[in-house]
Amino acid sequence: MDNGSLVTWILSFVMIINILLSAGFLFFERRDIGYTWAWFMVFYFIPILGFIIYLFLGRNLAKKNFFGLSVEERKYLQSAVDHQLARLTDQREDQNPLLTKYADLIHMNLVSSNALMTTDNEISIFNDGNQKFDSLFDDIRNAKKEVNIQYYIIQPDALGTKLRDELTIKAKEGVKVRVLYDEIGSKRLSLKFFKELLSAGGEVEVFFPSLLRPINFRMNNRNHRKLCIIDGEIAYIGGFNVGNEYLGIDKKFGYWRDTHFRMKGGSVNQIQGRFLLDWKHARKHEQVSFDQFSFTTGGHVGSSPAQIVSSGPNSLVEHLKNMYIKLILNAKRSVYIQTPYFIPDSSFMDACKIALLSGVDVRIMIPNKPDHPFVYWATWAYAGELLNYGAKILLYENGFLHAKTIVVDEEVASVGTMNIDSRSFRLNFEVNAIVYDEKVAKQLQELFHEDSQLSTELTPERYKERSIIIKLKEGVSRLFSSIL
């Protein structure tokens, strides 16, 4: 065989293998058509290497029992969901008017995400990192039985060190301490950082750890959740991670504007259950069961109805995105959104356009300070498109806006970890609390109005003034976000 024939044979072999790999992707993975075509382009233009890239960035994680629940645990959860579904359809049940009004949304969250409804919640809102962490540290110091901590990012800086040291003190006192963090988000962190905590009896796990530090086949699927549960009685959920920047002392970002809930009541059990499942998946070397965790059995605490809704690449259904779309389409008067990134898919954009065409006041607040240039340019592109439909786009100027909130008609609101982008919709593990309470919704809307005083408006004229270079960057950003 001469050299020319050998090269032809090798190229033919490579193309056949590439076609087989591409066909496997097409027929065995159920994906969004735009996502599928984006990966086909990668396979076509970068044979073999493209498939290796796919192994790191594109693999489907969806499977029926991703978190390894036992048969008994699954039956118990399904029984609780079925019981609440039956109550939703029971016309004799006296209900909060908002629960009746949003019964279809509650039903969807129950069926889609097993998000049980609790009606006895007491909720405090934090929009400043110093206030949030002061409260969290006070609650940790008062812990008697258990502290469970989960963050996407824990920085080994002053704030991260303080959290570690507070947890170490509690572990030495005999309190059960568990820490779970995401390896990609907490890339500066290692288990060495927790050496003293581990020696004191604390437990630390990494979600999707690397085989070797630079090699992580799950690098595109990040656990973006931020949860803290103390004694099964108090829970925190929202957007703040752990690091000096979240206290507003980082020169690059300046003041850090975020939103977090502190919750008491029945929803604490749901947040504890969410942590338990993530911990169960990470701690594969040990059997993890519900009876190892503290769950509240107390009576009435507050009066705010809430559901804890989770989503992630373990499911083919984009639970949180669907919840947002349902909220937007149900809106009669107003939709207020705060998000650091606004790179939605076509279904989300269509929901916003339908609301705007129906006369709903849609306001979207985004930061006017980029932390990721590609994402920032794409955010401008999508937000700018909604200007033509009458949306009010506000650019937050007082530092960096990281809040992930939506308020609809001043009566229902959601706070959590989900950004308005395809990564959060389908690639990350996310969690939000949705609250059916006018008091909480009005507090969040008032915070939105206060932030509006620190923002400038993106007008159509201002949008058109941008240079052709920025528009080209937006085009690249849209293509990049469709692949990831």
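Scored by the ring pair (Phe, Tyr, Trp, His ring centres under 6.0 Å) test, Phe261 finds no partners at all (sequence neighbours excluded). For Asp451, the salt bridge (charged side-chain N to carboxylate O under 4.0 Å, His left out) partners are Arg257, not counting sequence neighbours. Residues passing the ring pair (Phe, Tyr, Trp, His ring centres under 6.0 Å) test with Tyr246, sequence neighbours excluded: Trp256.
Taking the side chain as every heavy atom from C-beta outward, Arg426 and Asp345 never approach each other to under 4.5 Å.
Checked by atom type, the side-chain pair Ser452/Arg363 shows no donor-acceptor distance below 3.5 Å. Residues Asn127 and Glu450 have side chains that never bring a donor and an acceptor to within less than 3.5 angstrom of each other. With 3.5 Å as the limit, one finds a donor-acceptor pair spanning the side chains of Tyr102 and Glu411. In summary, the side chains of Thr118 and Ser267 do present a donor paired with an acceptor at a separation below 3.5 Å, with no hydrogens or angles considered. Counted by atom type alone, Glu430 and Ser311 present zero donor-acceptor pairs between their side chains at under 3.5 Å. Under the 3.5 Å distance criterion, with hydrogens and angles disregarded, no donor-acceptor pair is assigned to the side chains of Glu410 and Tyr336. In this model, a donor atom of one side chain and an acceptor atom of the other lie less than 3.5 Å apart for Ser347 and Lys321. At a cut-off of 3.5 Å, with distance as the only test, a side-chain donor of Gln272 or Asn148 sits close to an acceptor on the other residue.
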For this session: Take Glu385 and Lys353 through the salt bridge (Lys or Arg N to Asp or Glu O under 4.0 Å) test and state the conclusion after the steps.
Result: CA-CA 10 Å; Glu385 185 177 336; Lys353 292 172 183 177; 2.8 Å; yes
For this session: Begin with the C-alpha distance, continue with both residues' side-chain angles, and end with the deciding distance and a verdict on side chain to side chain contact (heavy atoms under 4.5 Å, CB included) for Asp258 and His260.
Result: CA-CA 7 Å; Asp258 219 321; His260 224 87; 5.8 Å; no
Problem set entry | Audit row: Thr119, Asn96, side chain to side chain contact (heavy atoms under 4.5 Å, CB included) steps and yes/no | CA-CA 9 Å; Thr119 59; Asn96 179 320; over 6 Å; no
For this session: Check the pair Phe448, Val407 against side chain to side chain contact (heavy atoms under 4.5 Å, CB included), reporting the backbone distance first and the verdict last.
Result: CA-CA 9 Å; Phe448 188 101; Val407 183; over 6 Å; no
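The two residues Ala103 and Leu88 have their closest heavy-atom pair at O-CD1, 4.1 Å.
Here the straight-line distance linking atom CG of Asn432 with atom CE of Met323 works out to 5.0 Å at 0.5 Å rounding.
Under the 6.0 Å cut-off for aromatic ring centres, Phe207 and Phe429 qualify, their centroids lying closer than that.
Remark: Asp104 engages Lys326 in a salt bridge, criterion side-chain N to carboxylate O under 4.0 Å. Glu245 has no carboxylate O lying under 4.0 Å from a charged side-chain N of Lys252, or vice versa, which leaves the two without a salt bridge.
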